[in-house]
There are 2 protein chains.
Amino acid sequence: MVLLGENRHTENTMPTIDDVAKLANVSRATVSRVLTGTRGVRDDSREAVLKAVEVLDYRPSFAAQTLASNTSGYIGMVLPAHEASFSATLLPRLSLAVKALNKSLLIQYVNDENEQKAAIHSLHHQCAAVVTLSHASSDMPANVIAFDAFSTKGSANQGYNYAFAAESACRYVLGKGHRNIALLVDNEDDVASKQMLEGYRSVLQNYSLPFNRQLLVMANNNIEQALLKLINSFTKYTAIIAKRDSYAAEAMRLLREFNIAVPQEVSIVSLEDSPLAALLYPPLTCIAYPVDQLLEQCIQRIQSLIDGHPVFVEEGKSITGRLVARASVTDINAM
Amino acid sequence: MVLLGENRHTENTMPTIDDVAKLANVSRATVSRVLTGTRGVRDDSREAVLKAVEVLDYRPSFAAQTLASNTSGYIGMVLPAHEASFSATLLPRLSLAVKALNKSLLIQYVNDENEQKAAIHSLHHQCAAVVTLSHASSDMPANVIAFDAFSTKGSANQGYNYAFAAESACRYVLGKGHRNIALLVDNEDDVASKQMLEGYRSVLQNYSLPFNRQLLVMANNNIEQALLKLINSFTKYTAIIAKRDSYAAEAMRLLREFNIAVPQEVSIVSLEDSPLAALLYPPLTCIAYPVDQLLEQCIQRIQSLIDGHPVFVEEGKSITGRLVARASVTDINAM
DNA sequence: TTGTACGCGTTATCAG
DNA sequence: CTGATAACGCGTACAA
């Protein structure tokens with residue numbers, strides 16, 4: 001038997017600002033000043049302080065800082081647990097940005113919408129800003145940012161529009177001669193999924209094509225089952241538009257098991273374009289989700305939330321996905 | 001004495017424990033007691049407090065709590081940015097566990113080992129525990145946990161042993177008749193990669209097979225280039241053992257481009273088994289990285305760090321990966 | 001330029 | 001069981 005974690009004899013004497021002050025022969029205030037860089041400090045004092053900091057390996061306490069300054073040092077982030085793979089691409093960059101702002105990233109994963117609301121509620125007091133995935137309800141506190149929907153009450157159509165992306169995907173496969181297009185979304189309540197459906201239907205209407213409810217498949221946290229239902233139905237489809245790469249990947253896997261060739265018999269487009277997309281076989285055509293631009297906007301928003309500046313949003317600049325053509329779509333006309 | 005609350009007219013003020021106390025006609029202390037459940041409180045007082053909390057939508061400030069209680073409410077986590085996809089599988093579960101412990105998860109991504117050290121250093125004072133990926137140096141503070149290597153100085157062989165996993169993978173493909181096995185690792189300095197190499201060499205020795213340096217390929221953050229070098233060399237190999245699923249996936253992609261069939265011409269095994277593994281074509285055989293067990297150990301360790309209990313680790317129970325046989329390995333003998 | 005004193009929201013301590 | 005009061009570590013007017 002091995003004993004781990006007997007830290008009782010190591011008295012956790014974390015050095016305080018007073019220790020530094022004492023060692024540098026100055027007052028607490030001076031130490032604080034050189035660390036925060038607020039006011040001018042005489043050079044020798046500054047050096048003495050810095051040296052003392054070095055010697056003691058002193059780090060100011062985040063907690064005490066936020067408490068004293070009345071301005072939270074935290075940026076909160078609440079994420080759906082099932083979005084883990086996606087949020088992973090966000091996290092490193094957001095973490096970096098947050099560090100640049102001299103703040104700390106506080107993260108909480110949630111399983112459903114209720115937990116999400118609760119988490120946001122419990123966090124938004126403690127944080128300078130809290131960003132969350134998927135559209136926030138309209139009654140959210142002022143300092144919560146919905147990552148993919150920045151729309152403030154005044155300005156509509158900001159943020160990413162899944163309807164537009166779905167439209168692009170539709171038109172793309174339609175241009176390749178496909179007329180029976182299945183749509184792969186999350187579930188009934190998901191706002192993005194609703195938007196996708198909207199764009200999908202609008203394009204169908206434009207092309208005077210009928211809407212077949214059988215071709216609308218909702219993952220509902222069990223993409224395999226949902227896909228099996230589609231495959232087993234005798235509905236005809238030659239193209240699939242998936243909300244996520246993982247859905248597309250699962251579709252590929254299943255189709256392969258049923259000896260349905262991609263893209264010869266069924267073409268697939270995704271609205272994500274994660275690293276996964278290029279690794280699949282065949283490589284996945286995407287309307288790429290514009291993480292970079294969204295991220296930049298998000299960071300700007302955080303910035304503005306921190307220092308009170310109002311957000312500056314260019315009106316015409318809506319964010320749209322880029323088409324990344326790969327091999328998962330075939331041209332029916334050319335066959 | 002009754003002080004009328006004239007502080008309510010500023011809209012941005014979040015309710016404090018004093019507000020609750022006033023509304024419930026008790027003292028701060030009582031409020032704190034019912035909220036933390038430390039001491040018994042008369043029923044009517046308790047109810048009054050709870051009601052007041054409800055009315056004001058009061059949430060205790062994390063910062064103030066950690067400051068006052070001298071026991072940090074944070075669990076820190078520092079992660080390599082390039083491990084994003086992997087850490088994503090960890091985060092949700094860890095977040096949940098942390099919530100259960102009534103603590104908050106503080107995350108920081110880093111780009112290299114120096115940043116990692118700095119981050120750990122800056123965090124470990126503020127946090128009850130900080131967990132990090134990849135092996136921590138031996139001189140780490142007592143409250144940092146290396147997720148995949150729990151070994152304290154005294155006890156060897158705790159945590160996950162990549163050498164053992166690599167051995168398993170080797171023996172597996174050797175059993176399938178492969179004799180020329182390439183090894184795909186991160187880089188020279190990575191401890192896990194070193195372990196893999198160790199296991200690899202030991203098995204080779206066991207089978208009296210020569211070690212060919214050409215078959216050792218290091219990704220060095222550019223897996224594609226590294227793989228190309230292997231492919232372009234005229235070294236013979238019929239099997240590849242990859243540290244990560246993404247490496248294996250990239251290998252599959254590249255081999256396909258060069259018209260090398262997997263698994264007919266080259267078999268592949270990975271030491272990870274992420275969701276990606278089953279989605280690839282052909283599905284990827286793995287020595288599965290035991291996230292679940294590691295996670296459980298990690299959480300126990302955090303627990304023990306929090307409440308000072310020393311943790312008991314059963315000596316014989318070393319954590320090993322499970323073989324998940326899929327289609328990416330072929331039996332040469334049977335061909 | 002520097003130091004003093006106070007406040008931030010909470011928990012711990014001690015007295016009733 | 002409850003209530004005052006003292007920490008906790010730090011920022012910051014205000015005074016020197």
Side-chain angles (χ1 to χ4, degrees), chain A residues 11-49 52-53 56-74 102 104 122 125-128, chain B residues 1-3 5 7 10 12-49 52-53 56-74 102-104 122 125-128:
Chain A
E11 281 314 318
N12 225 344
T13 325
M14 137 177 167
T16 78
I17 197 173
D18 287 304
D19 299 328
V20 178
K22 226 173 291 173
L23 188 60
N25 269 322
V26 294
S27 71
R28 298 195 285 272
T30 303
V31 176
S32 175
R33 287 198 262 264
V34 8
L35 258 36
T36 61
T38 38
R39 298 278 177 199
V41 176
R42 222 176 47 213
D43 278 352
D44 49 349
S45 303
R46 140 173 284 104
E47 282 180 33
V49 168
V53 166
L56 296 178
D57 190 31
Y58 163 78
R59 319 271 170 160
S61 148
F62 290 150
Q65 269 178 327
T66 78
L67 194 56
S69 66
N70 260 346
T71 155
S72 172
Y74 302 106
N102 238 316
S104 309
S122 98
H125 279 316
Q126 330 254 350
C127 300
Chain B
M1 171 165 68
V2 178
L3 283 181
N7 51 342
T10 43
N12 215 359
T13 177
M14 91 185 190
T16 78
I17 199 175
D18 286 305
D19 299 327
V20 178
K22 227 175 289 173
L23 188 59
N25 269 321
V26 294
S27 72
R28 295 197 288 268
T30 304
V31 175
S32 176
R33 288 197 263 265
V34 10
L35 259 33
T36 61
T38 43
R39 289 268 190 267
V41 175
R42 221 177 43 217
D43 278 352
D44 49 349
S45 301
R46 143 175 281 102
E47 282 179 33
V49 168
V53 167
L56 296 178
D57 190 31
Y58 162 79
R59 319 272 170 158
S61 148
F62 289 150
Q65 269 179 325
T66 78
L67 192 56
S69 66
N70 257 349
T71 156
S72 173
Y74 304 105
N102 237 316
K103 304 243 175 279
S104 308
S122 97
H125 278 314
Q126 330 256 351
C127 300

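Every chain is numbered from 1, with letters handed out A, B, ... down the list of sequences.
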Query raised in the report: Closest to the B:Arg42 side chain: D:dG11, D:dT2, D:dA6?
Result: D:dT2
Query raised in the report: What nucleotide, of C:dT10, D:dG11, D:dG9, holds the atom closest to the side chain of A:Ser32?
Result: D:dG11
Considering every strand and a 4.0 Å limit on heavy-atom distances, what is the contact class for [X]: base, sugar-phosphate, or nothing?
X: A:Val31; value: nothing
X: B:Arg46; value: nothing
X: B:Phe62; value: nothing
X: B:Ser45; value: sugar-phosphate
X: B:Thr66; value: nothing

**Report entry** Whether A:Thr66 side chain and A:Gly73 backbone form a donor-acceptor pair below 3.5 Å
**Finding:** no
Query raised in the report: Are B:Ser32 and B:Ile17 close enough, and set up right, to give a side-chain contact (heavy atoms from CB on, under 4.5 Å), and what steps lead you there?
Result: CA-CA 8 Å; B:Ser32 176; B:Ile17 199 175; 4.0 Å; yes
Taking only side-chain nitrogens and oxygens of [X], does any of them come within less than 4.0 Å of OP1 or OP2 of [N]?
X: B:Thr30; N: D:dG3; value: yes
X: B:Thr16; N: C:dG9; value: no
X: B:Gln65; N: C:dT11; value: yes

Query raised in the report: Which word best sums up how the rings of A:Phe62 and A:Tyr74 line up, parallel for under 30°, tilted for 30 to 60°, or perpendicular for over 60°?
Result: perpendicular
Report task. Using heavy atoms to find the nearest nucleotide of DNA chain D for B:Ser69 and B:Arg33 separately, return the residue whose nucleotide is more 5′. Result -> B:Arg33
